[in-house]
*Asks:* 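Here it is: the structure, laid out below.
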Amino acid sequence: MSCWQTVQDYAFRSIGYGENLLPRTDFTLCQQVTLIGSGLIWNVYFGALALAFGFFFAIAVALAKSSRHAVLRKPADWFVFVFRGSPLFIQFFLAYETLQLLPKAGIEVFGITVETAWTTRAWAGALFVLFLNTSAYAAEIFHGALKSIPRGDLEAAEAYGLTGFQKFRRIQWPTMLRLAWPAYTNEAIFLFHATTLVFFSGFPAFRQMGDALYYANYFADKTFNPFVPYPIVAVYFIALTLLLTFVFGLVNRRLNRHLPSNQKSRIRLRPQIIR
Amino acid sequence: MFAACADPKAIEGLTWLTCYLTSGKHLDFYWSFLTVLLLLAITAPTALAMGFAGATAARSRFLPLSLLGKGYAAIVRGVPDIVFFLFFVIALDQGIEYLKSLAVCDDPVWPWQGLEFRVCQEAKVPLGASAAIWHQAYGFGLAVFTFALVFGAFAANVLYGAMGAVPKAQLETAEAYGMSHAQVFRRILVPQMWVYALPGLSNLWMILIKATPLLFLLGVKDIVYWARELGGSKTQAYEYPHPDWRLWYFLGLLVFYLLFTKVSEVVLARLSARLAQGQATAGGEALRKAAA
């Protein structure tokens, strides 16, 4: 079987298109690269969606955390503490066990049955945990940025008669984003790395359609040789990291476009492990 | 455990719970908390030592040594998280067995043949016939080494940055007083760098705490393993039948980790206040003002 044939069979296997059965004997390098790359679709899915939703929720939490009212501040504090203070791995297990307790038949709300069976699937449940987790980490970053907005900027805004939401939208929000962006870039990278934990976490891989690490682990188990699949995963992730840095770098350049070049905040890659 | 627990079917209520929580398997579960603490207690100083060695090597004026130090930090930090954990333990295990096979086997052959890794019986580490405790200890040792190597790279990076943050003028003054390089390093650089290193190191400590559930992936019977094992529903065939309680076990683990990180946070905050004393930093300045 030619390599091109393998690519056609397996490139989208992780989302249900193409060959149904995984290869069982005579594993080729081409199969490993293709299938692990196919699994990467899930990592990108988890990372991108959690990041997209988490961005807005994180800003809301950061604002609540710097609120003067304890009613808003305390829940935000606790949210950040719980999700940053415990291992993501444990959060996955806990979420899975909790979601399993939901009645299988669905919940009756105002006469309509809300389906609950899908929540124990990795694609939904794991995404939910990742969303909350990244929100907590990003909220801490945004909170820090909110606090380090120069006081002069805020005073100037007030002198111009900006108050409330206007002040937030025109001054606080753009400055916060600009200050937080390098740290937020790193957070995005950790999030993508953290997606590898999903299929080791209690959430089942549906019909052997797993993420990159799932397939890498499959090959490592079958061939007793970890020296091929895991480096493939590593290379894929390094490429993903470079792509992310590039995209976030573009945004960073736009956020800093009004500043002289000596004041621009630079994105520095700070890879970190496990959360 | 207790005399009253002799017949689990006959007892009820709190007594049942007490008996349940002190059963043999639960004692193993409690021990596994100590395993985690032991792992941290061994890993943290080892990683710090490796980080110190790495950072010192990276600062060396002898080029190969400095490249070695920088390369160590760069390579380990570049590879994504658990890929390294999964990969490295197997690689280390096979590497050790291969080296041993060179020494003890009659005719050592290249062990990676086709799809399998094969060494002769005598080269297995630990030997197939040795007691279970040795297998556990070996697995634990591999895990500790992997953790220490990974976190050592991060510590090296932090310490390297901290060494660079010590004001240059201080080092130059020390040299002007006639101290040798080793003396400057020992008396000026090392005592002062900790205050700059502490934020990074405390961050690392937090990550290390949160990385401990991964022991489960490395094949050590840790708290996650036991929580899954004990929490799963037990039918009448078992001594203490109960429904699926994994949720409660994992909730317990969550609380354990939250408490642990909270306590660490408090201790580290105190430590950083202590270290800031008399330093030429904003923190030190605040302390000076508070005292005056």
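Everything quoted here is computed from the prediction, not taken from an experiment. Residue numbers begin at 1 in each chain, while the letters A, B, ... track the order of the sequences.
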*Asks:* Within this structure, what is the OG-CG distance for the pair Ser86(A) and Leu254(B), rounded to the nearest 0.5 Å?
*Replies:*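 Output value for this atom pair is 4.5 Å.
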*Asks:* Under the side-chain hydrogen bond (donor to acceptor under 3.5 Å, both in side chains) rule, what pairs show up with a residue in residues 30-41 of chain B, not counting sequence neighbours?
*Replies:*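 Every candidate side-chain hydrogen bond (donor to acceptor under 3.5 Å, both in side chains) pair involving residues 30-41 of chain B fails, so no pair, neighbours aside, qualifies.
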*Asks:* Select, from Leu258(B), Val255(B), Thr261(B), the one with the greatest count of heavy-atom pairs under 4.5 Å involving chain A.
*Replies:*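 Among the listed options, the one with the most contacts to chain A is Leu258(B).
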*Asks:* Going by heavy atoms in the side chains, are Arg246(B) and Phe93(A) under 4.5 Å from each other?
*Replies:*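 With C-beta onward as the side chain, the pair stays apart.
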*Asks:* What I'd like to find out is whether the side chain of Arg84(A) reaches to under 4.5 Å of the side chain of Met206(B), using heavy atoms alone.
*Replies:*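 No - every pair of side-chain heavy atoms lies 4.5 Å or more apart.
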*Asks:* Could you go through Phe227(A) and Gln94(B), starting from their C-alpha distance and side-chain angles, then the distance that decides it, and tell me whether this counts as side-chain contact (heavy atoms from CB on, under 4.5 Å)?
*Replies:* CA-CA 11 Å; Phe227(A) 299 97; Gln94(B) 295 190 347; 3.2 Å; yes
*Asks:* Could you list the donor-acceptor pairs under 3.5 angstrom formed by side chains in residues 39-48 of chain B, with sequence neighbours left out?
*Replies:*
unit_1	atom_1	unit_2	atom_2	d
Thr43(B)	OG1	Leu39(B)	O	2.5
Thr46(B)	OG1	Ile42(B)	O	2.5

*Asks:* Side chain, backbone, both or neither: which part of Tyr96(A) has an atom under 4.5 Å from a heavy atom of chain B?
*Replies:*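 It is neither, since no heavy atom gets under 4.5 Å.
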*Asks:* Are the side chains of Phe89(A) and Lys210(B) in touch, meaning some heavy atoms are under 4.5 Å apart?
*Replies:*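 Heavy-atom side-chain distance check fails, nothing below 4.5 Å.
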*Asks:* Check each atom of Val235(A) against the heavy atoms of chain B and say whether the ones under 4.5 Å are side chain, backbone, both or neither.
*Replies:*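 Neither the backbone nor the side chain of Val235(A) comes within 4.5 Å of chain B.
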*Asks:* In Å and rounded to the nearest 0.5 Å, what is the CG to OG1 distance from Leu251(B) to Thr98(A)?
*Replies:*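 Between atom CG of Leu251(B) and atom OG1 of Thr98(A) there are 7.5 Å.
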*Asks:* With rounding to the nearest 0.5 angstrom, report the OG1 to CD1 distance, Thr212(B) to Ile90(A).
*Replies:*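 Between atom OG1 of Thr212(B) and atom CD1 of Ile90(A) there are 7.5 Å.
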